[in-house]
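Beneath this line is the structure, given in structure tokens, with notes to follow.
Values in this document were obtained by computation on a predicted structure and should not be read as measured data. So that the names make sense, note that chain A is the first sequence line, chain B the second, and so on, each numbered from 1. Computed from heavy atoms alone, side chains included, the values below leave out hydrogens, waters and symmetry copies.
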There are 2 protein chains.
Amino acid sequence: MVTLSEENYLKAIYHLGKQGSVAVSTNAIAEQMETKASSVTDMIKKLADKNLANYIKYQGVSLTKEGRLAAASVVRKHRLWEVLLVEKLNFSWDEVHEVAEQLEHIKSEKLINELDAFLNYPEEDPHGDPIPDKDGNIKKVEKILLSQVSENQSCICVGVKDSSTDFLKYLDKHHISLGTSIKIISKEKFDESMTIDVNNTLINISKTVSNNIYVKKAS
Amino acid sequence: MVTLSEENYLKAIYHLGKQGSVAVSTNAIAEQMETKASSVTDMIKKLADKNLANYIKYQGVSLTKEGRLAAASVVRKHRLWEVLLVEKLNFSWDEVHEVAEQLEHIKSEKLINELDAFLNYPEEDPHGDPIPDKDGNIKKVEKILLSQVSENQSCICVGVKDSSTDFLKYLDKHHISLGTSIKIISKEKFDESMTIDVNNTLINISKTVSNNIYVKKAS
DNA sequence: ATATATTTTTAGTCTTGTCTAAAAATATAT
DNA sequence: ATATATTTTTAGACAAGACTAAAAATATAT
Ligand SMILES: [Mn+2]
Ligand SMILES: [Mn+2]
Ligand SMILES: [Mn+2]
Ligand SMILES: [Mn+2]
């Protein structure tokens with residue numbers, strides 16, 4: 001039995017350690033979870049006791065195979081619920097995260113499998129993030145940051161790095177969503193801002209923005 | 001803010017007190033919740049502090065207006081989720097309760113309202129129990145126990161009093177579900193068992209069974 | 001009315017998960 | 001290489017929610 005709190009720590013380690021292989025620091029986890037380092041140390045010990053994490057004092061923590069699967073299962077649930085909310089329940093992509101944080105802890109194998117089928121086995125969530133399968137495998141899709149694209153190139157928005165409400169609302173305002181075509185018109189050397197063409201409208205975006213949008217080369 | 005545990009106590013008091021008006025005893029709550037009387041006393045005090053319950057030492061507890069609304073909201077969520085599970089996610093009526101016990105605690109106004117709409121504003125859950133509206137009002141529908149029906153009368157199954165997995169599976173086995181027509185063929189004076197006609201098959205059911213099936217007069 | 005039984009509350013303990021403050025280990029800079 | 005800064009762990013406390021055992025209140029029976 002994995003508690004709700006343990007699931008949240010597993011998820012944090014999973015995300016910080018690029019799917020859980022790399023060792024992550026106590027402080028990094030504390031920051032991600034908005035908690036204190038001492039609380040993290042306590043929980044890490046519990047996870048290690050349960051064989052969900054590998055832990056060496058002062059050396060950081062990584063997930064075991066079992067821990068990685070448990071974390072991936074939480075992420076799978078989180079993202080499937082987000083799809084349900086957007087596809088069936090009229091949520092917009094900036095409203096789903098908070099509710100999914102709660103729903104991801106519901107325990108029922110059947111529920112999550114039926115949900116998967118009901119949604120027609122989606123491969124990505126509303127933010128373009130991949131949905132792990134039952135075994136925790138995720139389809140690795142190559143995508144780059146918009147900031148990496150050079151002048152005159154065209155690309156398509158396939159995801160966001162920051163999925164905070166504020167950023168998603170900013171994108172909405174400028175009519176950028178998953179699938180939107182973007183052409184880089186020019187780049188400013190000075191502050192690395194860029195002018196892009198979205199639906200035949202030119203807008204200027206900061207480096208912060210272009211650094212948080214994932215794109216793929218236009219096909 | 002009402003905690004998950006508080007919600008469970010509110011719900012128990014709500015159900016025991018016939019929607020929350022009557023005072024219920026500490027022991028009754030403890031039994032319903034499979035916990036100890038001393039734990040109940042502790043929680044009752046918290047609910048009273050939060051103005052969710054009226055409590056006089058040794059005199060039992062009842063819900064305040066606020067507590068009643070909170071309880072009804074939990075019941076509303078529980079039953080709406082049960083409808084989703086059965087109508088959209090291929091759960092049978094004996095599989096939904098456990099999962100709904102978890103889902104009923106998800107906090108999101110929008111979610112529950114969208115769910116309601118998505119399900120087309122159902123009035124009853126898969127066990128024939130009424131779904132409270134946003135203000136906690138439930139549509140009172142007259143229904144009687146099958147045990148009350150007299151010989152030669154026909155009726156329609158509209159609900160179950162016991163909605164345990166075991167009982168629901170028993171009903172499945174005998175092809176009794178919501179909407180099933182039942183005709184009382186004969187009653188046994190001795191043990192109050194009865195022979196009934198279900199889809200032209202005669203079966204004999206015990207008093208325990210007839211006491212847990214709600215019916216309405218055949219129209 | 002008094003004794004007995006039952007119900008309810010209190011007192012004290014435990015577990016989970018959190019926190020602050022202090023100590024220990026590790027990393028960095030000169 | 002040593003002093004300083006940063007990170008991590010430990011120690012001790014706290015709140016929520018549960019439990020056991022004992023005390024207090026209420027109900028029941030003669
Ligand atoms: Mn999310
Ligand atoms: Mn997402
Ligand atoms: Mn139920
Ligand atoms: Mn039900």
Notebook entry, point to check: Has B:Ser38 got a side-chain N or O lying under 4.0 Å from the OP1 or OP2 atom of D:dT20?
Noted result: no
Check: Below 4.0 angstrom from OP1 or OP2 of C:dT16, is there any side-chain N or O of A:Lys46?
Finding: no
Next item on the list: Would you mind telling me which of D:dT8, C:dT9, C:dT18 lies closest to the side-chain atoms of A:Thr41?
Entry: D:dT8
Note to self: Starting the side chain at C-beta, find the nucleotide from D:dC19, C:dG17, C:dC19 nearest to A:Lys36.
What the structure shows: C:dC19
Notebook entry, point to check: Do NZ/NE/NH1/NH2 and the carboxylate oxygens of B:Glu104 and B:Lys11 come within less than 4.0 Å?
Noted result: yes
Notebook entry, point to check: Can a cation-pi geometry be assigned to A:Lys88 and A:Phe118, taking NZ or CZ under 6.0 Å from the six-membered ring centre and within 45° of the ring axis?
Noted result: yes
Notebook entry, point to check: Counting only side-chain N and O atoms of B:Lys57, is one of them less than 4.0 Å from OP1 or OP2 of C:dT8?
Noted result: no
Next item on the list: Compare side-chain N and O positions of A:Lys45 against OP1 and OP2 of D:dT10 and report whether any pair is under 4.0 Å apart.
Entry: yes
Margin query: The side chain of A:Ser5 is closest to which nucleotide in this list: C:dG17, D:dA18, D:dT9?
Written below: C:dG17
Next item on the list: Measure from the side-chain heavy atoms of B:Thr3 and tell me the nearest of D:dG17, D:dC19, C:dG17.
Entry: D:dG17
Item checked: Presence of A:Asn27 side-chain N/O under 4.0 Å of D:dT8 phosphate oxygens OP1/OP2 -> yes
Notebook entry, point to check: Honestly, is A:Lys110 close enough over B:Phe91, meaning NZ or CZ under 6.0 Å from the six-membered ring centre and within 45° of the axis?
Noted result: yes
Note to self: Can you list every stem that DNA chain D is part of, counting only runs of 3 or more consecutive Watson-Crick or G-U wobble pairs with both distances under 3.5 Å?
What the structure shows: C:1-30 with D:1-30
Next item on the list: Please state whether the phosphate of D:dT9, meaning OP1 or OP2, lies under 4.0 angstrom from any side-chain nitrogen or oxygen of A:Tyr55.
Entry: yes
Note to self: Side-chain N or O of B:Tyr9 versus OP1/OP2 of D:dA18: is the shortest distance under 4.0 Å?
What the structure shows: yes
Item checked: Ion pair B:Asp133/B:Lys139, N-O distance below 4.0 Å -> no
Note to self: Does the plane of the ring in A:Trp81 sit parallel, tilted or perpendicular to the ring in B:Trp81? Use 30° and 60° as the thresholds.
What the structure shows: perpendicular
Note to self: If the cut-off is 4.0 Å, is A:Thr26 near the phosphate of D:dT9, judged by side-chain N/O to OP1 or OP2?
What the structure shows: yes
Note to self: Check B:Lys107 with B:Glu7, please: is the shortest side-chain N to carboxylate O separation under 4.0 Å?
What the structure shows: yes
Note to self: Does A:Glu151, at its CD atom, have more than 12 non-hydrogen atoms belonging to other residues, nucleotides or ligands within less than 6.0 Å?
What the structure shows: yes
Notebook entry, point to check: Under 4.0 Å between a side-chain N/O of A:Ser39 and OP1 or OP2 of C:dT18, yes or no?
Noted result: no
